[in-house]
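Just so you know, these numbers use all the heavy atoms, side chains as well, and skip hydrogens, waters and symmetry mates. Chain letters run A, B, ... following the sequence lines, proteins first and then strands; every chain starts at 1.
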Amino acid sequence: MLDIKVIREEPGRVKQAILDRDTSAEVADVDGALEMDARRRALLVEVEDLKHQRNKASDDIVRLKKEGGDTSAIVEKMRAISERIKELDGEVRDVEAEIGKIMLDIPNIPHETVPVGPDEESNVEVRRWGEKPSFTFKPKPHWEIGEALGILDFERGAKIAASRFTLLRDSGALLERALINFMLDLHTREHGYTEVFPPILGNRETFTATGQLPKFEEDMYVCNDDLLLVPTAEVPVTNIHRDEILPEEDLTIKYVAYTPCFRREAGSYGKDVRGLIRQHQFNKVEMVKFAHPDKGFDELEAMIINAEEVLRRLGIHHRVMLLSTGDLGFSAAKCYDLEVWLPAAGEFREISSCSCCTDFQARRANIRFKPSGGGKPRFVHTLNGSGLAVGRTVAAILENFQLDDGRVVVPPVLQPYMGGKTVIE
RNA sequence: GGAGAGAUGGCCGAGUGGACUAAGGCGCACGCCUGGAAAGCGUGUGGGCGGGUAGACCUCGUCCCGUGGGUUCAAAUCCCACUCUCUCCGCCA
């Protein structure tokens with residue numbers, strides 16, 4: 001959620017940001033918000049004055065009664081005023097609900113360093129690491145490698161649940177678990193993150209705070225009792241500090257969490273139908289930060305480097321993309337995608353997305369800090385980034401380290417996590 | 001799933017319609033005292049919104065005793081609904 005004051009003072013800038021994102025203007029109703037905001041303030045001035053009168057009258061009644069005087073005139077007068085207060089309170093409530101509805105649909109304002117453009121074509125490559133592996137044979141896609149090795153079973157995954165669910169077996173399951181442990185160890189021991197394991201279902205308040213609701217409900221699995229399966233650990237972990245005021249000296253707070261993630265992938269029929277790239281259920285190690293507003297964008301630079309480090313240690317070719325305004329997520333002000341090289345398709349694919357949401361989520365979630373020098377609480381900046389998506393990492397390992405006989409070399413850094421196994425065969 | 005109890009400020013805890021501007025205690029901050037400290041004494045202590053201001057500070061007003069409604073001139077206090085927590089029983093990894 002944006003600060004209503006920003007909309008009040010710079011409506012043109014907000015509207016331009018919405019245009020840059022290619023969000024339709026009737027959904028993000030800036031003028032409607034302005035109108036309702038003015039109406040709200042006018043109502044408040046009126047109703048608060050009446051309440052002031054009521055409070056004074058209440059004192060008078062007490063005094064009169066003690067003196068044995070007659071209170072019937074003043075009580076009669078207050079009856080009418082109270083009636084009017086009730087009406088106005090109702091109007092304020094309606095107007096505030098309307099403002100709230102509008103505000104929840106307005107996306108974050110992109111940072112000034114974000115390239116303006118309508119889609120991913122305008123993304124900018126920031127850097128690249130390593131080299132494409134060279135093969136003496138035609139590299140196979142990971143689903144063929146995995147099925148041949150008996151470690152990926154798409155058919156049975158579909159039988160158990162539906163398409164886009166996969167059964168991992170033997171070294172496949174082991175590799176998945178090894179990657180989770182390797183990533184968690186790296187981020188906790190070397191990058192200073194605290195490990196958490198959150199609930200994987202969340203309530204509507206939680207999903208609204210991070211921006212998944214109300215706009216993107218069709219992308220979520222909704223369960224009984226009004227609980228939703230998390231599409232990323234960003235949702236529960238960011239909500240750890242919802243409605244809290246943190247001591248400034250605790251910032252930056254850095255969490256890392258492994259969780260399964262669930263996405264309906266509505267509207268992506270026909271895209272990436274084969275393999276592990278686009279699943280309804282996948283594992284992810286997620287980094288989340290709560291930062292001082294002066295540090296948000298520095299922390300974003302640090303976070304994308306933390307994500308890259310996973311691929312460096314694994315030894316896999318990758319690049320970092322700065323997303324353009326049109327490709328930016330709803331809550332993000334700035335976002336880097338980490339893209340891994342997949343040799344079978346001969347292309348880079350997103351394996352991590354690191355975003356600084358500035359105070360957009362913090363305002364929705366009411367996460368603040370108390371400045372240590374005194375003064376009013378301020379909203380923190382929240383950041384999140386994959387470190388990394390585990391299924392896509394499995395795909396990248398299978399494809400980048402495949403041998404001509406169908407076996408796959410285990411990256412050295414993972415071998416201790418796989419009982420010393422050096423080759424999957 | 002059944003039965004019961006509860007939710008008040010950073011924490012403990014009092015409060016059965018008007019003096020609640022929420023007692024008292026603890027904690028914390030500052031000051032006095034001290035060679036220094038402790039004790040003691042004194043002062044202070046949260047958040048939201050709005051007006052006065054373009055903003056800082058300040059100031060005025062309003063709201064906040066789990067949440068949302070209701071009764072009343074007036075609600076922490078009475079009524080209704082909901083949420084959460086705790087205890088016991090049952091079931092369960």
With a 4.0 Å limit, can you tell me whether Lys370(A) has a side-chain N or O closer than that to the phosphate oxygens OP1/OP2 of G10(B)? no
*Is any side-chain heavy atom of Val410(A) less than 4.5 Å from a side-chain heavy atom of Phe401(A)?*
no
Exercise. Would you call Lys370(A) and Leu246(A) a side-chain contact if the rule is heavy atoms closer than 4.5 Å?
Worked result: no
Using atom P of each nucleotide, how far apart are G90(B) and A3(B) to the nearest Å?
-> 16 Å
Query raised in the report: For G61(B), does OP1 or OP2 lie under 4.0 Å from any side-chain N or O of His52(A)?
Result: no
Note to self: Heavy atoms only, 4.0 Å cut-off, all strands: where does Ser58(A) land among base, sugar-phosphate and nothing?
What the structure shows: base
### side-chain N/O Arg368(A) vs G48(B) OP1/OP2, d < 4.0 Å
yes
Distance test, side-chain N/O of Lys86(A) to OP1/OP2 of U72(B), below 4.0 Å: no
Does a nitrogen or oxygen in the side chain of Asn55(A) sit under 4.0 Å from OP1 or OP2 of U62(B)? yes
For a quick check of understanding: with a heavy-atom distance under 4.0 Å over all strands, which category does Leu44(A) fall into, base, sugar-phosphate or nothing? sugar-phosphate
Of the candidates G18(B), G51(B), C49(B), the side chain of Glu48(A) sits closest to C49(B)
Of the candidates G18(B), C49(B), C63(B), the side chain of Arg54(A) sits closest to C63(B)
| task | Look at Arg41(A) and G51(B) and indicate whether a side-chain polar atom (N or O) is within less than 4.0 Å of OP1 or OP2. | result | yes
For G50(B) and Arg8(A) - does any side-chain N or O of the residue sit under 4.0 Å from the phosphate oxygens OP1/OP2? yes
Against the side chain of Arg40(A), the closest entry in C73(B), G50(B), U62(B) is G50(B)
In His187(A), Glu301(A), Glu190(A), the residue satisfying side-chain contact (heavy atoms from CB on, under 4.5 Å) with Asn306(A) is His187(A)
| query | Should Glu234(A) and Gln361(A) count as side-chain neighbours, where that means a heavy-atom distance under 4.5 Å? | reply | yes
Among the nucleotides G18(B), C63(B), C73(B), whichever has the atom closest to the side chain of Met78(A) is C73(B)
The nucleotide from C73(B), G48(B), G50(B) with an atom nearest the side chain of Pro377(A) is G48(B)
Taken to the nearest whole Å, CG/Asp243(A) to P/C64(B) is 18 Å
Against the side chain of Lys65(A), the closest entry in C73(B), G55(B), G61(B) is C73(B)
- Just call it for Arg63(A): base, sugar-phosphate, or nothing, with non-hydrogen atoms closer than 4.0 Å on any strand. nothing
Practice prompt. Please state whether the phosphate of U72(B), meaning OP1 or OP2, lies under 4.0 angstrom from any side-chain nitrogen or oxygen of Ser82(A).
Written response: no
**Asked** Is there a side-chain contact between Glu299(A) and Cys356(A) (heavy atoms, below 4.5 Å)?
**Response** no
